[in-house]
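One structure is given below, encoded as structure tokens.
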Amino acid sequence: MIDAITGGLNGLVAGFVHLHWSNPIMILVGLLLLYLGIKKGFEPLLLVPIGFGAILVNIPLAGLMDEGGFLRVIYDAGVMTEIFPLLIFVGIGAMTDFGPLLENPKIFLLGAAGQFGIFLTLALALALGFTKLEAVSIGIIGACDGPTAIYVTSQYAPHLLGAVSVAAYSYMSLVPVFQPPIMKLLTTKEERMINMGTVKKSVSKTTKIIFPLVVTVVAGLIAPRGLPLLGTIMLGNLMRECGVVERLTKASENEIANIVTLLLGISIGATMDGRVFLTYQTLIILALGLLAICLDTVCGVLFGKLMNIVTRGKINPLIGAAGISAYPMAARVVQKEGQKYNRQNYLLMHAMGANTGGQVGSVIAAAIMLSVINGMGII
């Protein structure tokens, strides 16, 4: 009888008995992510499920990530098959207006410049001893695009998925924190006050329909391994612009995107088991990811300064900071910073052009790297 009672009590406290030192730390990390999402409003749709997933997976003996476990089933079905990030890309395409970019095509160059940090960080990761596939996965954090980072990492370095995905989404949500100091450091007050005027709306509906088709075919032929990424975002955009599948468009940007975001978020959180997450390698990845996004911002702003010189003062260099793929957050940051120095300065639509260029640029950058990896026979 006493043995039975003792056994029952042991069963009740089994979770405490098997608690690893890393589990409480990761539970606190999960609570921090919840705080940032709920209290600070930093990407709550992502950080809330990620934070809660991190808490769940760090409770011992629950078996949520064991074979057949609740979170394992979701993770295997959506992340390892790459379905979740691709479905989210359909939703992103359905929500993206490429009009400002098409109004001023040269702004696309800022979206390209905003991807330089990816390749610089990739080179640094190789120098630090990471394998080629690991370095690609780490560098892609610089895209500041969670679905792209998850898609690439789940294929070629799944053991780094937790660190890479958490870095990508966390840093994306913190764009309003780390971008303004870089923008101020690299520009003069006079440059920040440049008024670019309003964006003319002259792009025809036909042009908006043709654009995703041309990008899909041309970019797909250049970098076919990235066609799933390119194709899904352009499919969503084509549905938006053609105007004949409104139900599908609304479902893609609302119901489907919301459900997949929830499942993807909790799956990412489930990769944050303290026993495998709290390693020296993870800390390096987090540091490199932050460096990548900072370098993207630096390159974008510096290229904006170059365009300002070439156009004889017609380009406000601040919009270069929107060349990253954090859509539309980076564009809002540019608008806010611009109005600090000139209340008549409305940079939002110009920044949206650079931001959509960054959205496409990040996907193309990933597509190029995947095709190069495949062509070199690394995989």
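Residue numbers run from 1 in the order of the sequence given. Keep in mind that this is a model prediction, so the values were computed, not measured.
Proximity of a side-chain donor or acceptor of Asp296 to a complementary backbone N or O of Gly117 within less than 3.5 Å is detected. Side-chain atoms of Thr153 never come within 3.5 Å of backbone atoms of Leu161 as a donor-acceptor pair (strictly under, hydrogens ignored). Gln115 places a side-chain N or O within 3.5 Å of a backbone atom of Gly323 that can act as its donor or acceptor partner. Side-chain atoms of Glu337 never come within 3.5 Å of backbone atoms of Leu318 as a donor-acceptor pair (strictly under, hydrogens ignored). Between the side chain of Asn237 and the backbone N or O of Ala94 there is no donor-acceptor pair closer than 3.5 Å. When atom types are taken as modelled, the side chain of Gln335 and the backbone of Leu347 share a donor-acceptor pair closer than 3.5 angstrom. Although no hydrogens or angles enter the test, the distance criterion places a donor-acceptor pair under 3.5 Å between the side chain of Asn258 and the main chain of Asn254.
Phe89 has its side chain out of reach of Met234: every pair of non-hydrogen atoms, C-beta onward, lies at least 4.5 Å apart. The closest side-chain heavy-atom distance from Leu278 to Met26 is below 4.5 Å. For the pair Thr148 and Ile140, the minimum side-chain heavy-atom distance is below 4.5 Å. Val136 is not listed as a side-chain neighbour of Tyr156, based on a closest heavy-atom distance of 4.5 Å or more. The shortest side-chain heavy-atom distance between Ile74 and Phe70 falls under the 4.5 Å cut-off. Contact of the Leu264 side chain with the Ile268 side chain is registered, since non-hydrogen atoms from C-beta on lie closer than 4.5 Å. For the pair Glu134/Thr131, a side-chain contact is recorded, criterion being any heavy-atom separation below 4.5 Å from C-beta on. Ile182 is listed as a side-chain neighbour of Cys294, based on a closest heavy-atom distance under 4.5 Å.
Heavy-atom minimum distance, Ile194 versus Pro317: CD1-CD, 4.4 Å. Smallest separation of non-hydrogen atoms from Ile150 and Pro85: CG2-CG, 4.2 Å. In terms of heavy-atom proximity, Leu286 sits nearest to Ala167 at CD2-CB, 3.7 Å. Between Gly68 and Arg72, the closest heavy-atom pair is N-CG, 4.2 Å. Closest of all the heavy-atom pairs between Leu262 and Pro49 is O-CB, 3.9 Å. Of all heavy-atom pairs between Gly269 and Val57, the closest is O-CG1, 3.6 Å.
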field: Criterion side chain to side chain contact (heavy atoms under 4.5 Å, CB included) on Lys314 and Met196, from CA distance to verdict
entry: CA-CA 6 Å; Lys314 294 182 180 179; Met196 295 180 62; over 6 Å; no

query: Given Val334 and Leu348, is the side chain to side chain contact (heavy atoms under 4.5 Å, CB included) satisfied, shown in steps?
result: CA-CA 7 Å; Val334 170; Leu348 182 61; over 6 Å; no

From CA spacing to verdict: side chain to side chain contact (heavy atoms under 4.5 Å, CB included), Ile141, Ile285: CA-CA 9 Å; Ile141 298 173; Ile285 291 172; 4.0 Å; yes

query: Ser252 and Thr249: side-chain hydrogen bond (donor to acceptor under 3.5 Å, both in side chains), yes or no, with the steps?
result: CA-CA 5 Å; Ser252 297; Thr249 304; over 6 Å; no

- prompt: Run the side chain to side chain contact (heavy atoms under 4.5 Å, CB included) check on His20 and Asn58 step by step: do they pass?
  reply: CA-CA 9 Å; His20 189 262; Asn58 281 284; over 6 Å; no

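By the rule that hydrophobic residues join a cluster once side-chain heavy atoms approach within less than 4.5 Å of another member, Ile222 and Leu109 end up as members of separate clusters. Note on Leu120 and Ile118: same hydrophobic cluster, where clusters join Ile, Leu, Val, Met, Phe, Trp and Tyr whose side-chain heavy atoms are under 4.5 Å apart, directly or indirectly. In the hydrophobic clustering of ILVMFWY residues, with side-chain heavy atoms under 4.5 Å counting as a link, Leu186 and Val177 come out together. Leu230 and Val218 sit in two unconnected hydrophobic clusters of ILVMFWY residues. Membership requires side-chain heavy atoms under 4.5 Å apart, directly or through other members. Connection of Met65 to Met272 is established within a shared hydrophobic cluster, with ILVMFWY side chains joined at heavy-atom distances below 4.5 Å, either directly or through further cluster members.
More than 12 heavy atoms of other residues, nucleotides or ligands shown are found within 6.0 angstrom of CZ on Phe130. Shown here is Phe178, whose CZ atom has more than 12 heavy atoms of other residues, nucleotides or ligands within 6.0 Å.
Not a single salt bridge (charged side-chain N to carboxylate O under 4.0 Å, His left out) links Lys336 to another residue, sequence neighbours left out.
One side chain, Gln179 or Thr297, offers a donor N or O that lies under 3.5 Å from an acceptor on the other. Under 3.5 Å, the side chains of Arg192 and Thr187 contain a donor-acceptor pair of N or O atoms.
Here Lys305 pairs with Glu191 in a salt bridge; the nearest charged N to carboxylate O distance falls below 4.0 Å.
Rounded to the nearest 0.5 angstrom, His350 NE2 and Asn316 CG are separated by 9.5 Å. One finds the OH atom of Tyr75 at 8.5 Å from the OG atom of Ser267 (value rounded to the nearest 0.5 Å). Atom CD of residue Gln344 and atom CE of residue Met193 lie 10.5 Å apart, to the nearest 0.5 angstrom. Between Ile319 atom CD1 and Met307 atom CE the span is 6.5 Å, to the nearest 0.5 Å. In this structure, Leu47 CG and Phe52 CZ are separated by 15.0 Å, a value rounded to the nearest 0.5 Å. Atom CG of Leu45 and atom OG1 of Thr261 lie 6.5 Å apart (nearest 0.5 Å).
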